[in-house]
Amino acid sequence: MTPDLARPLRLESLAYGGDYNPDQWSEDVWDDDIRLMQEAGVNLVSLPIFSWPQLEPEPGVFDWGWLDRILAKLWDAGIRIDLATATATPPSWLLRGHPEMMPMDADGCRLEFGSRQTYCPSSPVWRENVARMTRAMAERYGDHPGVVLWHISNEYGDHTSRCWCPESARHFRRWLQGRYGDLDGLNEAWGVNVWGQRYTSWDHIETPRRAPGPINPTKLLDFERFSSDALLELFRIEVDILHEVTPGIPVTTNFMSMFRDLDYWDFAAAEDIVTDDAYPDPADPIAHVGAALNYGLMRGLKEGRPWLLLESSASATSWRDVNVPKPPGKMRVDSLQAVAHGSDAVMFFQWRQAKYGQEKFHSSMLGHRGEASRTYQETKALGLELRRLEEVRGTRVRSRVALVVDWDSWWGSSATESLPSQRLNWAGQARAWHRAMHLIGHPVDAVRATGPFDAYDVVLVPNLYIADAAQAAALTAFAEAGGHVVVGPFSGVVDDTEKVHDGGAPGPLRALLGIEVDEQWPHVDDARERITFAGVEYANPTWAEWIETDAATEVRGRYTTGELAGRPAVTRRGAGAGTAWYVSAILEDDGLVAVFRDVLAGAGLPVREVLHVDFESVTRSSSDTDYTFVLNHGRDPLAVVVPEGARDLVTGATTRTTMTLDRYGVAVLATPRAAEPPFLTLSPQPTDRPIQKAG
Ligand code: GAL
């Protein structure tokens, strides 16, 4: 049985609430907090995330009183608890007693107490204390009826995702011994004859501290893998204790969307429920597009199961250069976008806006003006509105398109400076491919490079720099069974030790794609470079490849400028009942839209003719009902063609054939479940705000 089914969330409705820090306030305000929470429909709060020093002021001396009291009050008020293990940051006495557990940067500088996450993930002292604190929390509160979820640590890796200290070096060596067995294995894997890097003793292996020149790329890649695994081990210490002491309560740790430093496939496999913290920037007019991919990852991490939005902002953050508030209505559409994409929760950082400290200018549900604050009024309205959407809880998003997210390739193509171009940007490429799909109307789920792909018609592989035979076999089987695979540039280049595949790229993907890459041909950000696809020219400023095609491979697009003019740029090959595409250029939105329209036409999927970056529709389905969320992320009204006779959960009204979504408008249309999820379009009008905005 999968862990998340073994431990369902014991909550009778969509979760609504936020981080709660009652220990930053006098107890006098607690009753007020709870009254206002109830009025706003809050049913779940996360605490005490950063409170270890308040719970254990001296080693072994606990002060549970305040936590007992607030948990009792919350329980009486019907508000459930996402109980943190309080291990997100160590107390000062622990650090001062064990200065060796302070993290170290790549220059050998220890990071001081005074912020949070001041720990080396490999430190045995930290691990012992984390285990001790977790057990203490579990034993004290595991039977509390209000505790429905364990919140482990907080945003692993947010501040300290890598540590270069001597303890991390020892741990890195052990990790390498586990991976390679002996030094010969390691020397072979790392290709140490280049620049005289041979190791003759394990003790000679350090963390990749700053060196005179470029560091061995495979060592850098292994350090990325190791660092993700070191935090995963720390996570598992807590997971195991909580599962042992409180076997019925699900565990989670809050993710940070598409976060480079941790392999969330591994983390998600270790937990019961996926949770995410999402802070789309109100100053970025297309932040909602990025958010959609983040949410596609969250549901993809557990094969489509609902996840929880555990943190978001009611209005401004306080950690950007400029922290722009959310205009009226924006918080609502941002929140409902997460629900549209499979979240069964809307939660905020934080409940009551801080009066002091690092985050006093961060918006909260209850602003500095209290009940009168705009954020309270808007979050209260949303809390009540969510009750009307109750039916969608537990339903699943239906996407026809998946996008491969592969941390190894992300790390491999970004950890080293020894690459054909420093302009390669793994996440930027994934986001661009997703953005084009968003524009033509398809939500996208994240998948591993080995699948499973059976729920999809199209699988996008924006970059698979590190590729192996198993991934190639999975993608080939998908295409042969009728699927459509689109592979992006600089894929299939190296194996998992970063050795170039025999014959060069695309290595194991060669037979599937029917092409060979002779040379990578990056541009110096040259705005003049172009390709032609279906008779139209598109910009190709950063990257090209000299490719040779097999006889059976069709050239769909060609380079039209520069040294490669006339050579193939975009290819397609029939593969069994499906097709395999190779896009060798790094295209902008308009070029990608053109290619993907062609791919989708071949797959028999609908595409939007009228493009508008602010328009989004996503369908969550139960066994008998489709719930199609229709969202306007912009300030101008949108006229949308909708199914006739649908019930709008938001207004209770029944739809006619078109509806107008006002500024930041949202509708949730219930229709009987159809074989294909409804595909909504804008009614043709000359007011498109198409892809230029998404550039
Ligand atoms: C998150 C963090 C919270 C709070 C929030 C502010 O990264 O988990 O504790 O700092 O950011 O946006």
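Throughout, numbering of the chain's residues begins at 1 and tracks the sequence. Keep in mind that what you see is a predicted model, and the values were worked out from it rather than measured. All ligand and atom numbering here is 1-based and tracks the order in the structure.
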Colleague: Is it the case that ligand 1 has an N or O less than 3.5 angstrom from some N or O of Asn254?
Modeller: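 N/O-N/O distance under 3.5 Å: no.
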Colleague: Under the side-chain hydrogen bond (donor to acceptor under 3.5 Å, both in side chains) criterion, do Glu311 and Tyr279 qualify, and how do the steps go?
Modeller: CA-CA 8 Å; Glu311 282 185 30; Tyr279 291 93; 2.6 Å; yes
Colleague: Considering only protein heavy atoms, which is closest to atom 3 (C) of ligand 1, and at what distance to one decimal place?
Modeller: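 In this structure, atom 3 (C) of ligand 1 has Glu311 OE1, 3.4 Å as its nearest protein heavy atom.
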Colleague: Ion pair present between Arg96 and Glu112, side-chain N to carboxylate O less than 4.0 angstrom?
Modeller: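 Here Arg96 pairs with Glu112 in a salt bridge, since their nearest N and O are under 4.0 Å apart.
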Colleague: For ligand 1, which atoms, with element, lie under 4.0 Å from some heavy atom of Phe50?
Modeller: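 Counting from 1, the qualifying ligand atoms are 9 (O).
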Colleague: Looking only at non-hydrogen atoms, which of Gln350, Glu359, His362 approaches atom 4 (C) of ligand 1 most closely?
Modeller: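 The nearest heavy atom belongs to Glu359.
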Colleague: For the residue pair Trp64 and Tyr141, is the inter-centroid distance of their aromatic rings smaller than 6.0 Å?
Modeller: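 Yes: the rings meet the under 6.0 Å criterion.
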Colleague: Report the distance from atom SG of Cys165 to atom CE of Met101, rounding to the nearest 0.5 Å.
Modeller: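 One gets 10.5 Å once the value is rounded to the nearest 0.5 Å.
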Colleague: What part of Asn154, side chain, backbone, both or neither, has a heavy atom within less than 4.0 angstrom of ligand 1?
Modeller: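 Just the side chain.
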Colleague: Ser315 side chain to Ser363 main-chain N or O, any donor-acceptor pair under 3.5 Å?
Modeller: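 The answer is no, because no donor-acceptor pair under 3.5 Å joins these two groups.
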Colleague: Could you find the nearest protein heavy atom to atom 9 (O) of ligand 1 and give me its residue, atom name and distance?
Modeller: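 Result for atom 9 (O) of ligand 1: Arg116 NH1, 3.0 Å.
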Colleague: Looking only at N/O atoms, are Thr317 and ligand 1 under 3.5 Å apart anywhere?
Modeller: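 There is no such contact.
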Colleague: When you measure from atom 7 (O) of ligand 1 to every protein heavy atom, which one gives the shortest distance, and what is it?
Modeller: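 It is Glu155 OE1, 2.3 Å.
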Colleague: Mind telling me whether Trp126 and Tyr119 have parallel, tilted or perpendicular rings, with 30° and 60° as the class edges?
Modeller: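 It falls in the parallel class, under 30°.
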Colleague: Under 4.0 Å between a Lys/Arg side-chain N and an Asp/Glu carboxylate O for Arg116 and Asp158?
Modeller: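 A salt bridge links Arg116 with Asp158.
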Colleague: Going by an N to O cut-off under 4.0 Å, is there a salt bridge joining Asp68 and Arg140?
Modeller: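 Yes, this pair counts.
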Colleague: Mind checking whether Asp19 has an N or O less than 3.5 Å away from an N or O of ligand 1?
Modeller: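 No.
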Colleague: Mind checking whether Gln358 contacts ligand 1 via backbone (N, CA, C, O), side chain (CB onward), both or neither, at a 4.0 Å heavy-atom cut-off?
Modeller: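 No part of Gln358 is near ligand 1 at this cut-off.
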Colleague: Going by the order shown, which atoms of ligand 1 are within less than 4.0 Å of some heavy atom of Trp319?
Modeller: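 Those atoms are 6 (C), 12 (O).
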